[in-house]
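What you see below is based on every heavy atom in this structure, not just the backbone, and it leaves out hydrogens, waters and symmetry mates. For this chain, numbers begin at 1 and follow the sequence in order. Whatever order the structure lists them in is the order used to number ligands and atoms, beginning at 1.
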Amino acid sequence: MKKRVVILTGAGISAESGLRTFRGNDGMWEHENIEDVCTPGALRRDPKRVKDFYNFLRKGLPAHKPNAAHLALVELENRLGDEFLLVTQNVDDLHERAGSKRVLHMHGDLMKLRCMSDASHEFSFTGEETLETKCPFCGGKTRPDIVFFEEVPLYMEEIQDALRECEEFVYIGTSSVVYPAAGFKSFAKRFGAKVTCLNLEIPSYDPDTDVFIQGKATEVVPEWVKNFK
Ligand code: APR
């Protein structure tokens, strides 16, 4: 179904729930090397290191709760139904715990593992992944269900179809530097969508974005949802 609105969220929407963003001051990539934990090469070289990194993030996740921005997007989804699509770059489960249903995790899902022999074998996982963890479908080796750098994000066809037809594309809490997600605004714009940005920092110039709303997600997202017509 044609979407009224496609939303893209990034780490900034979860920042006020206490989760680290990736870039900028004290961001995740200041503390970890991408090449050690988030590339196919890292998984080949040292799978234990990679799995332990995501085990640590998974274990910490329940302590963080959805915030007012996550909840506001649920309210909008309840109003729009199938005319609403939420695409997130986040691997946390805060959108789901807030109550979002129509959500695509384009960079994967911390609360899932997938099989290394057959990528269609993905399954919910809450524990600690080890080198011995096996795929429940075929007994193959597993890996975190995370899209590493150099890998192709998930659901791209479905996302592109939605962007091509949507009336409005809104990106929230993302630095818009990681492709392909960073290209969604120009893609949607080219197909006629209004493009809106809600973020703590906004660029001085961006010809693809029609409306900038600067502020903390927990403040600007509920207000934007309230005014959405
Ligand atoms: N409210 C709104 N925006 C915020 C807030 C907040 N409280 N706090 C931070 N931000 C903004 C920052 O200004 C920044 O523009 O959120 C953005 C976060 O940017 P990144 O850390 O780069 O996160 P993101 O854009 O989600 O990263 C994209 O990069 O490393 C990969 O796979 C990882 O999905 C991730 C992708």
Inset, instruction - Evaluate the ring planes of F169 and Y171, with Trp represented by its six-membered ring, and classify them as parallel (under 30°), tilted (30 to 60°) or perpendicular (over 60°). - result: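 F169 and Y171: parallel rings.
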
Legend entry - Residues in contact with ligand 1, criterion: heavy atom under 4.0 Å: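 Answer by chain and number: G10, A11, G12, A15, E16, T21, F22, R23, W29, Q89, H107, F149, G173, T174, S175, V178, N199, L200, E201, G215, K216, A217.
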
Quick one, [X] and [Y] - any side-chain contact, counting heavy atoms below 4.5 Å?
X: F137; Y: D118; result: no
X: V37; Y: R49; result: yes
X: R102; Y: D82; result: yes

Legend entry - Approximate separation, where rounding is to 0.5 Å, of L43 CG and Y54 OH: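 Nearest 0.5 Å value for the CG-OH distance: 9.5 Å.
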
Inset, instruction - Ignoring hydrogens and angles, state whether a donor on the side chain of H64 or S14 is under 3.5 Å from an acceptor on the partner side chain. - result: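 Distance-only check fails for H64 and S14.
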
